Amino acid sequence: MSAIAAEGIGISFGGLRALDGVSFAAEPGEVFSIIGPNGAGKTTLFNIISGLYRTGEGRVRLAGEDVTGLPPHLLAARGLSRTFQNLQVFFRMTAEENVMVGRHLRERQGLLAALLHLPWVARQNRATRDRARELLAFVGLAERARDPAGSLPYGALKRLEIARALAAEPRVLLLDEPAAGCNPVETEEIDRLIAAIAERGTTVVLVEHDMKLVMRISHRILVLNHGRMLAQGRPAEVRTNPEVIAAYLGRHGAEAAHAAG
Amino acid sequence: MAPAWLTPRRATVAGLALLLAALWLVFPSGFYFRIATLVWISALAAVGLNLLMGLAGQVSLGHAGFVGIGAYAVALGPRHLGLDLLPSLGLGLVLAGLLALLVGRPILRLRGHYLAVATLGLGILVWLVLNSEVAITGGPDGIQVQRLVLVGWRVAGAETWYWITGLALVLGVLVALNLEESPTGRALRALHDSEVAAAVAGIDVARAKLAVFVIAAVYAALAGGLLALFNRFVTPQAADFLHSIELVTMVVIGGMGSSLGAVVGAAVLTILPQALTVFHDYEHAVLGLTIILFMIFLRQGIVPSLAALLARRAP
C-alpha cells in the first residue's frame, strides 16, 4: 500500500486549468519529486494534497485511507506534514518554540490542567523542549535554539520549517522547494537531511527547482507541464525524455540538445 | 543571572504579590486602597483580554459587555432568582462563557477581524438591554448590590477589598502565565503568526481561538462581578463601548502579549483620570490622544519596551 496516493487530481481557477488528471503514488521511505516549469501546478498540487485547497476532482489517500477534502489539522493527525515555499514561520517565537509547536499532535492536551499547570504539564513541556532541541540539532540549528525565528537567515528558516514538520513524526512529508534561495553549502545540507529523513522510513514528496539536487536524491520523479503529467519515472529515464527536455528548454532547445547528444 | 528556579512565570507572580504587600505598607488612607482596588479589578479584565489580543492576535471590541454580565449577575441574581452572591457570581461567569461560545463558534471559523465586528455588536447589545430593561436591571440609573457576607463575616472596607481583588489578580496572572506555557498557549502564539502553518502542525485553529475567547470572557465577567461587589452598585456604564475601548487601550499601552503589561496598562488608565481631574470633561479626548501617542512613540507598549531597553543595557 502506498504511503500517499493522488488519483486524477484536477482544479480550475476561473478559466485557467491549473491541474488536470494528475495521479501519483509514493511508497514508504521513498523520495518522490515533482518537477516542472514555473506555473506547472506543483505548489497547487501540494496545496490540494495538504488540505489548503479543495477540489471536486480526484481523491487523495494516505496509507490507503481516503482523506480527500479533510482540513489540514486532521490530515496532520493522520501523519501528513509539509513545509512552505514562501516561508510560514512563527516569527515572534524562538526557533525552539517553533519546533515545539510542531510537537502539538504528540502532546497530551488538557486546557484545565494547563491553566492549573499540573505537574504533568511541566514535565511534558520539558520533554517537548528536549525533543525540539534534538530536532534543531538534526537540522544543524542547535546554536540558534533560543534566538527569535525572525532573526534567522533564510537558509536557516528553511531548515527550521523542516525541523518543525518532523516534530510531528509524520509518515509523509511534503517539502515545497526546500533549497530555493539557498547557497550551495546549504543545499548540500538539505540534500543530506532529505536522505536521512527518507532512511527513517518517512515518505518525502519534494517540489524543487534545483535539478542537480532532484536528480541526486529522488527515487522517482513526476514531471508536470501546464497542469498535466508529462512524464514519470526514475531520474535517468526522466532526464533523457525528449518531451521533458522540450518543456524545460523549449522546442528549439530540445532540437539543439538532440543534435548535440 | 537569576537562579534557575526563578522562572519568568514565578518571578512575575512573586513580584506582583510583593507589590501588593509593599503598597499595603505605604498607603496612608482608604482613598489609595480604593484606587488600587479599581486598578486590580481592571487589570484582571485586561489580563484576560491580553490572552485574546496579545497571544492569539484577535480583537474584542465589546469586552465590557462581559464585564457587564458579571456585574449584573451579582446585582440581579439575589434580587430575581433568590441566589446568594457567590452562586450569582458563578452564574455570571458561566453565562459570559456560554455567550462567548455561542458568538465565537461561527465567527472564529473565519480568518481575519470578524471577531472585532461581532463583539462590537455584542457589547452594544448587552449595554442596550441593561439600559432599557428598566423593570429588571434598573435601567440607566443603575442598581444596588447586596453586601457580601462570607460565613458570617461582612466584607467591608477598601483595605479588605484591596486584598481580595489583589489576590484575585495574582491568581488571574498566574493562570494566564500557565496558559502561555502550555501546548494551547504555544498554539495561540503560533496561529497569531501563521494560521496555515499552525493548522499544518495539527492545531485546530478555530477551536484554539474559541477557547481563548471564552477564557477572556470569563476573566472580564469575574472583574465585573468583583467591581459590583466592591462598589455595591452597578450601572450600564460598566458595559458601555467606552469601557470596551478602555480595556483594549490597557492591553495595547501596557504591551500586547505581556500579562504584566496588562496590569501596568490598567494602572495607567485608572490612575490617569484621578490625577487629571481637571480634564474630566475631556476624558474621552485624553483617552484618544493617549492611544494615538502610544501608537506613534511606543508601539510595543510599556512593558515590552522597558524589557527591550533593559536587555540592551545588560552586558
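First the proteins, then the strands, lettered A, B, ... as listed; each starts at 1. All values derive from a computational prediction rather than experimental measurement.
- Smallest separation of non-hydrogen atoms from B:Ala199 and A:Ala76: O-CB, 4.3 Å.
- Within 6.0 Å of OH in B:Tyr114 there are 12 or fewer heavy atoms belonging to other residues, nucleotides or ligands.
- A:Leu111 pairs with exactly one of B:Ile215, B:Val212, B:Val214 by the side-chain contact (heavy atoms from CB on, under 4.5 Å) rule, that one being B:Ile215.
- Proximity to chain B (any heavy atom under 4.5 Å) is shown, for A:Leu115, by both the backbone and the side chain.
- Heavy-atom distances place the backbone of A:Leu116, and not its side chain, under 4.5 Å from chain B.
- The candidate from A:Gln88, A:Met93, A:Arg92 with the greatest count of non-hydrogen atom pairs under 4.5 Å with chain B is A:Arg92.
- With a 4.5 angstrom heavy-atom cutoff, A:Val101 touches chain B via backbone and side-chain atoms both.
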>> With side chain to side chain contact (heavy atoms under 4.5 Å, CB included) as the criterion, how do B:Asp193 and A:Val89 come out once you've worked through the C-alpha distance, each side chain's angles and the decisive distance to 0.1 Å?
In response: CA-CA 7 Å; B:Asp193 276 336; A:Val89 172; over 6 Å; no

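- Heavy-atom distances place the side chain of A:Arg164, and not its backbone, under 4.5 Å from chain B.
- Heavy atoms from other residues, nucleotides or ligands lying under 6.0 Å from CD of B:Gln300 number 12 at most.
- B:Asp204 contributes atom CG, which lies 3.5 Å from atom NE2 of A:His73 (distance to the nearest 0.5 angstrom).
- Across A:Met100, A:Arg108, A:Gln124, A:Arg106, a single residue satisfies side-chain contact (heavy atoms from CB on, under 4.5 Å) together with B:Pro183, and that is A:Gln124.
- Among the candidates B:Ile203, B:Val205, B:Leu179, the residue making the largest number of heavy-atom pairs closer than 4.5 Å to chain A is B:Ile203.
- Rounding to the nearest 0.5 Å gives a distance of 6.0 Å between CZ of A:Phe84 and OG of B:Ser194.
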>> side chain to side chain contact (heavy atoms under 4.5 Å, CB included) for A:Phe90 and B:Leu191? Distances and angles first, verdict last.
In response: CA-CA 8 Å; A:Phe90 310 129; B:Leu191 69 88; over 6 Å; no

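- Contact count versus chain A (heavy atoms, under 4.5 Å) is highest, among B:Ala176, B:Gly202, B:Gly257, for B:Gly202.
- Judged purely by atom type and a 3.5 angstrom limit, A:Asn125 uses its side chain to pair as donor or acceptor with the backbone of B:Glu181.
- The candidate with the highest count of non-hydrogen atom pairs below 4.5 Å against chain A, out of B:Ala190, B:Ala201, B:Ala211, is B:Ala190.
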